[in-house]
Amino acid sequence: MAELNITELDFEEIKNNLRTYLAAQPEFTDYDFTGSALNTLLDVLAYNTHYNALLANFQANEMFLDSAIKRGSIISLAKSLGYTPRSVTSAKANVDITVTKNVTVGSTLSLLKSMKFSTTTNNVTYIFNVNTTKTVTETSGEFIFQDIELIEGNRLSNTFTITADTVSGPLIIPIENVDVSTIEIYVQNSIGDLTSYAYNKVDTVVDVTPTSKVFWVEEGVDGYYKILFGDDIIGKQLVAGNIVTVSYLASKGSAPNGAQNFIIVGTIAGETQVQVTTNTAAAGGTEKETVASIKFNAPKFNASRNRAVTAKDYQTLVKNSLSKIREVAVWGGEDNDPPMYGKVFLSINPVTGAVITEADKEYIRETVLRPKSVLSVQHEFVDPDYMYIGIEGVVNYDSRLTTLTPNAFATIATSSIQDYFNEEFGILNKTFFLSSLNDRMKTLSSAVVGSVFKMRLQKRLNFVSGTVGHSQTLNFLTAIDPETIRSSTFVSIVGNAQYNAYLQDYSNEAVQNDVGEGVINLVNSFNDEIITQVGTVNYQTGIVQLSNVVVTSYLGNLDKLYISARPQPLYQNVTSRPVRIIESSPYAIIPEPSKNTILVLDDSTSNGSANVTPGLSITCVPFVE
């Protein structure tokens with residue numbers, strides 16, 4: 001008896017298998033399967049088998065997070081792991097608002113949550129809202145509202161009347177671009193009883209009692225968000241006849257990021273003399289989490305079990321807590337230099353344009369981490385340091401293989417290097433190898449025949465201008481070539497004399513094989529004469545100690561002191577890692593947390609007044625054998 005081959009999924013192969021099977025049966029001896037009505041029946045059988053095989057394959061794929069394609073399936077699978085995908089997030093800006101008004105001394109004025117401001121970015125107008133009502137007292141005829149957070153979005157609301165079928169939800173919000181962090185819910189007892197209660201959004205069932213007025217938010221398989229209430233066991237259940245008002249912001253996501261000019265829409269208590277000063281431009285707006293991101297984050301969130309014990313737990317919880325966070329570095333006190341037991345240190349790198357405020361840190365510390373971490377552990381935030389990498393390069397290319405001019409080719413090479421740093425760096429715990437740029441150039445064009453690059457490292461110090469001397473420890477994270485350390489030009493005072501000066505290292509006679517030490521001198525920029533010694537340098541470790549550096553003012557419109565150095569030829573790579581903060585003191589030494597360093601491309605432009613060279617300079621030279 002013939003066997004039917006069932007391993008094929010292609011239509012033609014299925015049909016051939018059926019034809020082979022039937023031809024082997026004695027009942028169909030001498031039948032012509034290609035020229036008879038049996039051929040049509042074989043088509044029907046093959047199509048039916050093909051459809052069923054595809055359906056089974058699609059269903060099997062949608063059952064697993066790794067192979068699922070439909071967003072609804074991925075959201076459902078993530079839900080089983082306890083992970084809630086991020087919604088679209090509204091951009092936020094920080095401003096000061098001054099209202100001029102003739103009033104009696106001691107009068108007060110409130111900036112209501114309902115007040116709106118408009119801004120235009122890329123010829124598109126966006127609406128920002130006051131996030132929290134604030135009241136201030138008049139000062140010299142002005143009402144000054146400081147540190148006001150504006151949040152983007154159109155404020156909308158929906159009203160639902162609860163029936164017996166919806167006492168625990170779900171209530172569906174009829175739009176997709178909802179910033180779920182802005183959802184507010186008030187429940188009115190009935191149409192005849194106007195008493196209402198606020199319900200709070202929660203993400204877990206921890207500390208939720210049968211009487212807790214809470215709600216949960218989930219994304220449905222159709223992309224709309226649904227609101228769920230308790231069942232009188234976990235959270236308070238609604239009652240038929242309750243009237244639920246759901247208000248929220250419909251957000252434009254990342255589009256308003258960068259907006260910084262805000263205008264009041266309407267008036268504030270009838271006053272139109274309103275001045276808005278932007279402290280922080282709009283940032284932090286993001287789109288709804290992509291399916292690729294959900295697939296990546298959901299298993300890691302599940303692995304943390306919603307608790308903060310290991311470094312990976314902390315990274316997952318903190319990164320998912322705010323949309324403005326790009327990367328998080330975490331290390332225990334035992335790994336700090338010097339050790340500081342009983343503490344966990346966190347270094348957060350925000351997305352471009354965003355700022356991690358003290359309020360953000362307090363929210364992460366008290367709301368995100370403290371309920372989920374070991375009781376005796378203290379959480380301390382350490383702002384990351386930055387290392388700016390300058391690149392000078394020459395790229396040789398075969399002019400017979402391209403029509404580009406040297407300048408046009410240099411533009412393409414420069415853009416490629418900028419893209420490389422934007423894609424691979426600007427985050428914590430990365431290593432830069434100078435040789436990687438040679439590989440990058442080889443993939444740029446078949447016309448490239450070779451390239452040579454030199455690297456310059458730069459630290460930027462924010463010394464407050466004045467007559468007070470500053471001390472600082474710099475770590476260039478690699479061995480430094482002697483007599484390559486140089487700073488931007490600034491104004492300094494030594495004794496009673498004022499100089500335009502710069503910092504320069506000088507190696508001493510003990511330097512052998514670039515492993516010794518040198519001194520950092522303050523040098524007169526007019527005649528290059530040494531004014532005084534202001535520090536030391538260890539060339540092998542790359543550590544520079546500065547002491548009593550007086551910066552009266554900066555030159556060339558700079559607001560920081562730029563200090564650059566070149567690594568030694570055998571150390572053309574830089575690894576960002578936690579480095580020890582060393583402070584000299586005549587008193588007892590108090591341990592300080594190490595600092596993480598973020599590697600970024602030097603964005604300096606040519607500045608003759610401050611003696612600053614471009615951070616990225618590429619020259620392309622035609623080469624023909």
Side-chain angles (χ1 to χ4, degrees), residues 326-327 349 352 385-460 475-486 513-515 539-542 562-577 596-606 612-625:
R326 183 181 180 187
E327 292 289 336
N349 182 29
T352 303
D385 197 7
Y386 289 85
M387 177 78 77
Y388 298 86
I389 300 177
I391 301 294
E392 300 174 43
V394 176
V395 178
N396 296 109
Y397 69 97
D398 191 337
S399 58
R400 297 170 299 182
L401 302 179
T402 180
T403 59
L404 295 175
T405 64
N407 287 340
F409 209 99
T411 300
I412 295 175
T414 299
S415 297
S416 177
I417 293 174
Q418 291 172 335
D419 291 342
Y420 175 59
F421 273 87
N422 290 335
E423 294 165 2
E424 299 294 333
F425 296 94
I427 59 177
L428 300 161
N429 301 322
K430 294 289 289 186
T431 297
F432 171 73
F433 295 94
L434 185 62
S435 59
S436 62
L437 296 184
N438 294 316
D439 298 333
R440 183 85 176 184
M441 292 301 102
K442 290 178 182 178
T443 61
L444 181 65
S445 170
S446 59
V448 174
V449 295
S451 57
V452 178
F453 293 97
K454 291 191 295 184
M455 176 169 56
R456 182 179 68 248
L457 305 177
Q458 184 184 96
K459 304 288 285 187
R460 299 179 183 179
N475 192 329
F476 284 97
L477 303 178
T478 191
I480 296 299
D481 219 9
E483 301 188 358
T484 65
I485 300 176
R486 170 106 184 211
N513 299 323
D514 301 335
V515 297
Y539 293 112
Q540 183 64 25
T541 62
Y562 293 11
I563 300 181
S564 301
R566 291 194 181 278
Q568 294 180 17
L570 297 180
Y571 297 89
Q572 297 294 310
N573 58 278
V574 184
T575 299
S576 63
R577 62 182 188 275
N596 264 274
T597 302
I598 296 175
L599 307 179
V600 295
L601 182 65
D602 184 358
D603 58 357
S604 301
T605 57
S606 181
V612 174
T613 57
L616 177 59
S617 177
I618 303 298
T619 303
C620 289
V621 179
F623 173 82
V624 179
E625 295 182 355

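Every residue meeting the side chain to side chain contact (heavy atoms under 4.5 Å, CB included) condition with P614, not counting sequence neighbours, appears here in chain and number order: S606. By the ring pair (Phe, Tyr, Trp, His ring centres under 6.0 Å) test, F432 pairs with F421, F425, sequence neighbours left out. The ring pair (Phe, Tyr, Trp, His ring centres under 6.0 Å) test applied to Y571 returns no partner, not counting sequence neighbours. Annotation: side chain to side chain contact (heavy atoms under 4.5 Å, CB included) contacts of S445 (sequence neighbours excluded): F409, A447, V448. Residues meeting the side chain to side chain contact (heavy atoms under 4.5 Å, CB included) test with V449, sequence neighbours left out: N396, D398, F623. T402 meets the side chain to side chain donor-acceptor pair (under 3.5 Å) test with no other residue; sequence neighbours excluded. Contacts of S564 classified as side chain to side chain donor-acceptor pair (under 3.5 Å), with partners at least two apart in sequence or in another chain: Q458. In this structure V600 satisfies the side chain to side chain contact (heavy atoms under 4.5 Å, CB included) test together with Y386, Y388, I598, sequence neighbours excluded.
Screening residues 432-441 for side-chain hydrogen bond (donor to acceptor under 3.5 Å, both in side chains), with sequence neighbours left out, gives S416-R440, Y420-S436, N438-S451. Sequence neighbours left out, the pairs with a member in residues 596-605 that pass salt bridge (charged side-chain N to carboxylate O under 4.0 Å, His left out) are R456-D602, R460-D602, R460-D603.
In terms of heavy atoms, A413 sits closest to I618 at CB-CG2, 4.0 Å. Nearest heavy-atom pair across C620 and P622 is O-CD, 4.1 Å. Summarising the geometry of N573 relative to M455, their closest heavy-atom pair is N-CE, 4.0 Å, with the distance given to 0.1 Å. Considering every non-hydrogen atom in both Q568 and I480, the closest pair reads NE2-O, 2.9 Å.
Put simply, CG on L444 and CD1 on I412 are 6.5 Å apart, with the number rounded to the nearest 0.5 Å.
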